[in-house]
Amino acid sequence: MKKRALSLILVLALSLSLCPWAMAAETRETDFFEDQPHTELTFSEIEYRRIDTAPILEEMDSIRALAADENQAEAVAQRFQALADQVMELLTMYTLSNILVYQDAANSAYVEENTYTHSAYLETADAFSLLIRDLLASPCGAWMRQQLSQADADYYSTYQAMTSEEMARAQEEQSLLQEYQLASLRSYAVNYQGRTYDENAVYTALAEGSLDAETADGLLTEIVQAQNAALGEIYLRMVRLRQEIAAAAEYENYGDYAYDTVYTRDYTQEEILPFCRAVAANITPVSNSLAALVSLSASDKVFTTDYSGDTAIDMIQPYIGQMSSELAEALDYMVDHQMYDLAYSDSKQGVGFTTMLYSYGAPFMFNQPTGSFYDFSTLVHELGHYNNYYWDGTDWNDAADNIDTSEVHSQGLELLFTHYYSSLFGTSAQAAQDYLMANLTGAMVQGCLIGELEQYVYATENVTLQQINQKYLELLRAYGMADVNDGRTEAYGWVQIPHMFQSPCYYISYAVSAAGAFSFWRTAQSEGFEGAVDQYLSFVASPAERGLQESFTALGLPNPLEASYIQTLAQELTGALNAEGRLPGAALEAMYSDVSAESWYAEYVLALSSAGILAGYEDGTFRPNGSVTWGEALKLVLLTAGYEEQSPLEGGTWASGYQALALELGILDGEVDLNAAITRQELALLLAGAIGLAPSNSPSPFADIDNGYVTALSELHILTGYTAEDGTVTFNGAGVLKRSEMCAVLYRTLELLAALAEVADSAA
């Protein structure tokens, strides 16, 4: 919010988002930025005050009159700078009022001041831009041109005053934003069996067992439908208004207007679509695998720790200095001057952002913590924004980075900071890294998805809420985030994304910037960590006038918006993270505390447990070395062979029906003790009989047994033995069958039967 932004209603005032302690280490000295002035006040010492704009506007007229005399150029320069300081102070008060509203949107006094200051700044910024235009055309114009780049001189030279209609639309948009902020804080609920459920109540009841999963899912859908109806109505009014804003500026739709005027992107809506298609095809599979890994490790302590307030700050502070003395200086300033609010409050809005108090040279960080690892990653993310603001100039004519490059600052730091995860999180480092990688690849997928949704919204004349919901579901399926066969006709959750309301057409920035941020991760993999940090800092220090793509190519890095780059990135992420390859092991270890992913039987236990054929014990163990009873073996073997489940006989044990069936089939010669452990040979004979396998006449592969049924099962690779150091293979038929061995036998049998069925189908 410095130069051209002075006439754009503060669109970029906010950079929105999505363990043992370390000993202090030697700071790594870097020198990428120029020193900037910063206040010594703490945040609590900076007071909001309502600024009367009348004297400011009067001074503009005086300066305009003075500039008619070329001999007054020095006086014009002095008075203009003093005036500019007042305008920046007004901007600062508006920013401060924004912070106060985010801290408590229900505070009517805060809302009133926010409304006043928004209107005051809007009027003043418009008048200030007109003054610059007039000074450029005045006898003192040479001095003014020296203050501006050629592009900005051209911009101000043709600046037109905001019309009364434009002013009215800006005020209406501000009112709608305030209406949305209040509506988003409401708790949406539904009634079920005489009780009112909001989202938290549903999850609590589900955990307690008073609601089953199907009922809970239905109630959650009803809740988000209610939220969709309420917030969606506000959104439609916003869309209509923003289309009017775009039309007045002679744009075909608001999407084109936002890309060009609001965010000054170096690509159009049409040009970004091939990037989105490449993300959907290449990044979605990686993101889904990472998300599955995170889901499986949800109980890890790294995700259950409270990182709110100063906790995460204390964790990262020793490591930031190891990256860069300049990063450390920005963080130390934030802490020492209390320029942050990271504590939980019931009154705060659920967002995270970093903004700038320009007159004080003080960035401010805000977050409403969620009580999860997201709060830690958000701190690192926002520190990337904070560091950029800290080293940026804050005068009226200092350039500002566009939103895409700004998000690279935050996401790039997140990726590089994973270098310290092992020291911070120990055995939980992998889970933490999986979370961040899932979050950033997910940002690429979600950013493209929402980007396409917003393109649709603003390209569809008189769009309806139903159309938006239907398009959202269509895109969820296209991006692999919803099952194509789930039976729904609409999806409603897009209303839970604040950017759709507060920062329209912003969300695509998370996708393109995450793609770019991975450039530094790639450098760290191939060339080393410190070189990647310096590359990142060089990017942050790049001239603000550069667009996203030019900023990367200027550093000799590939254009992150090229489809070929996305394909290469996906391949490198797949190779380095091996998310899909780690999934089976992670799933198994999430199921059972005593089954290692490296164990010989892991594949069998996972497959049968996932299919619901076998289960573990209430204490979370599988007990792979435990014995298998006759009752268990009879049930599992008969079900595997294709027989139906059997009810217990009257007065019999739970497995009595299976024993009766086995006797009827002739698989058993007589009754057995159903609670007794079954041996390996007994299981072999039972299984051979159940699947109708004839004995083999071939020599036995085992030195300790010569049984045709055992040999036949061995020939089918269902049974294996034990190989001694001298090469002797034994079967140990008298040995008690272990649960792990039972899994292997069942799995191999099921594979064999499936293959035989496929052959039969082909022959038919």
Side-chain angles (χ1 to χ4, degrees), residues 1-6 8 10-17 30 32-43 46 88-89 91-99 102 263-264 313 316-317 320 323-342 351-367 378-414 417 503 506 509 513 517 536-546 548 551:
M1 282 335 311
K2 297 156 198 120
K3 198 167 6 180
R4 292 176 62 180
L6 285 170
L8 296 178
L10 289 172
V11 174
L12 303 182
L14 304 179
S15 294
L16 291 169
S17 43
T30 58
F32 288 89
F33 306 103
E34 295 182 6
D35 289 339
Q36 303 293 336
H38 308 285
T39 184
E40 289 303 318
L41 298 174
T42 64
F43 181 71
I46 297 176
M88 296 307 289
E89 185 178 11
L91 169 57
T92 300
M93 290 301 107
Y94 174 65
T95 304
L96 185 56
S97 74
N98 270 333
I99 294 171
Y102 275 103
Y263 302 122
T264 59
I313 293 176
I316 74 169
Q317 208 159 14
I320 289 297
M323 294 181 72
S324 160
S325 57
E326 291 166 302
L327 278 168
E329 181 180 329
L331 177 59
D332 290 345
Y333 177 85
M334 184 184 90
V335 173
D336 294 344
H337 296 81
Q338 296 294 293
M339 292 293 175
Y340 63 96
D341 178 2
L342 307 179
V351 296
F353 62 82
T354 300
T355 189
M356 188 67 175
L357 301 171
Y358 291 97
S359 295
Y360 298 92
F364 183 85
M365 185 186 296
F366 177 96
N367 186 47
T378 294
L379 170 64
V380 180
H381 177 102
E382 293 301 335
L383 181 59
H385 290 308
Y386 199 98
N387 177 70
N388 179 57
Y389 273 127
Y390 181 82
W391 296 106
D392 260 357
T394 57
D395 206 352
W396 69 274
N397 60 342
D398 284 317
D401 297 287
N402 76 22
I403 204 64
D404 295 332
T405 54
S406 292
E407 288 300 337
V408 176
H409 302 157
S410 53
Q411 294 165 323
L413 185 60
E414 285 185 90
F417 198 75
S503 308
Y506 181 114
S509 289
S513 58
Y536 162 77
L537 293 173
S538 295
F539 182 93
V540 178
S542 297
E545 292 82 1
R546 286 180 183 165
L548 175 76
S551 295

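In this chain, numbering begins with 1 at the start of the sequence shown. Heavy atoms only: backbone and side chains are in, while hydrogens, waters and symmetry mates are out.
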Under a plain distance cut-off of 3.5 Å, with no hydrogens placed, do Thr354 and Glu382 share a side-chain donor-acceptor pair?
yes
Test your reading of the model: is there a side-chain donor-acceptor pair from Thr92 to the backbone of Tyr358, 3.5 Å cut-off?
yes
Close side-chain approach of Ile316 to Val380, heavy-atom, < 4.5 Å:
yes
Applying side chain to side chain donor-acceptor pair (under 3.5 Å) to Glu40 and not counting sequence neighbours gives His337
Atom pair CD1/CG of Ile403 and Leu548 - distance to nearest 0.5 Å:
11.5 Å
Counting N and O atoms only, with roles assigned by atom type, does the side chain of Ser325 sit under 3.5 Å from a partner on the main chain of Thr30, one being a donor and the other an acceptor?
yes
Can you tell me how far CG of Asn402 sits from CD of Glu545, rounded to the nearest 0.5 angstrom?
11.0 Å
Shortest non-hydrogen pair, Ala399 vs Ala544, comes out as CB-CB, 3.8 Å
Rounded to the nearest 0.5 Å, how far does CG of Leu96 lie from OH of Tyr360?
8.0 Å
Locate the shortest heavy-atom distance separating Gln36 from His38; write the atom from each residue and the value.
O-CD2, 3.0 Å
According to salt bridge (Lys or Arg N to Asp or Glu O under 4.0 Å), who are the partners of Glu89, at least two apart in sequence or on a separate chain?
Arg49
Which atoms form the tightest heavy-atom contact between Leu537 and Phe33, and what is the distance?
O-CZ, 4.0 Å
Carefully, step by step, assess Phe417 and Leu383 under the rule side-chain contact (heavy atoms from CB on, under 4.5 Å).
CA-CA 11 Å; Phe417 198 75; Leu383 181 59; over 6 Å; no
Residue pair Ser513, Gln411: steps toward the side chain to side chain donor-acceptor pair (under 3.5 Å) verdict
CA-CA 7 Å; Ser513 58; Gln411 294 165 323; 2.5 Å; yes
For a quick check under 3.5 Å, do Tyr390 and Glu329 share a side-chain donor-acceptor pair by atom type?
yes
With a 4.5 Å limit on heavy-atom distance, are the side chains of Tyr340 and Leu379 in contact?
no
Kindly indicate whether the side chain of Phe32, heavy atoms from C-beta on, has any atom under 4.5 Å from the side chain of Val540.
no
How about Asp404 and Ser509: does a side-chain donor come under 3.5 Å of a side-chain acceptor?
yes
If only atom types and distance count, is the side chain of Tyr386 paired as donor or acceptor with the main-chain N or O of Pro363 below 3.5 Å?
yes
Criterion side-chain contact (heavy atoms from CB on, under 4.5 Å) on Leu413 and Leu327, from CA distance to verdict
CA-CA 10 Å; Leu413 185 60; Leu327 278 168; 4.1 Å; yes
Could you work out, with side chain to side chain contact (heavy atoms under 4.5 Å, CB included) as the rule, every residue matching Ser551, not counting sequence neighbours?
Thr405, Phe539, Arg546
Mind listing the closest non-hydrogen atom pair of Asp398 and Gly393 along with its distance?
OD2-C, 3.1 Å
The test is side-chain contact (heavy atoms from CB on, under 4.5 Å); show your working for Trp391 and Asp35 and say whether it passes.
CA-CA 7 Å; Trp391 296 106; Asp35 289 339; 3.6 Å; yes
pair Phe43-Asp341: side-chain heavy atoms closer than 4.5 Å
no
Working to the nearest 0.5 angstrom, can you tell me the gap between Ser359 OG and Met88 CE?
6.5 Å
Asp392 versus Met356: any side-chain heavy-atom pair under 4.5 Å?
no
Atom pair CG/CG of Leu331 and Asn387 - distance to nearest 0.5 Å:
9.5 Å
Quick check: do Thr394 and Tyr389 have side-chain heavy atoms less than 4.5 Å from each other?
no
With the side chain counted from C-beta on, respond yes when Thr39 and Tyr333 share a heavy-atom pair under 4.5 Å apart, and no when they do not.
yes
Passes side-chain contact (heavy atoms from CB on, under 4.5 Å), Leu357 versus Ile99? Steps please.
CA-CA 10 Å; Leu357 301 171; Ile99 294 171; 4.3 Å; yes
With under 30° as parallel and over 60° as perpendicular, where do the rings of Tyr263 and Tyr506 fit, or are they tilted in between?
perpendicular
Distance from His381 atom NE2 to Glu407 atom CD, nearest 0.5 Å?
4.5 Å
Do Ile46 and Met339 make a side-chain contact, defined as non-hydrogen atoms from C-beta onward lying under 4.5 Å apart?
yes
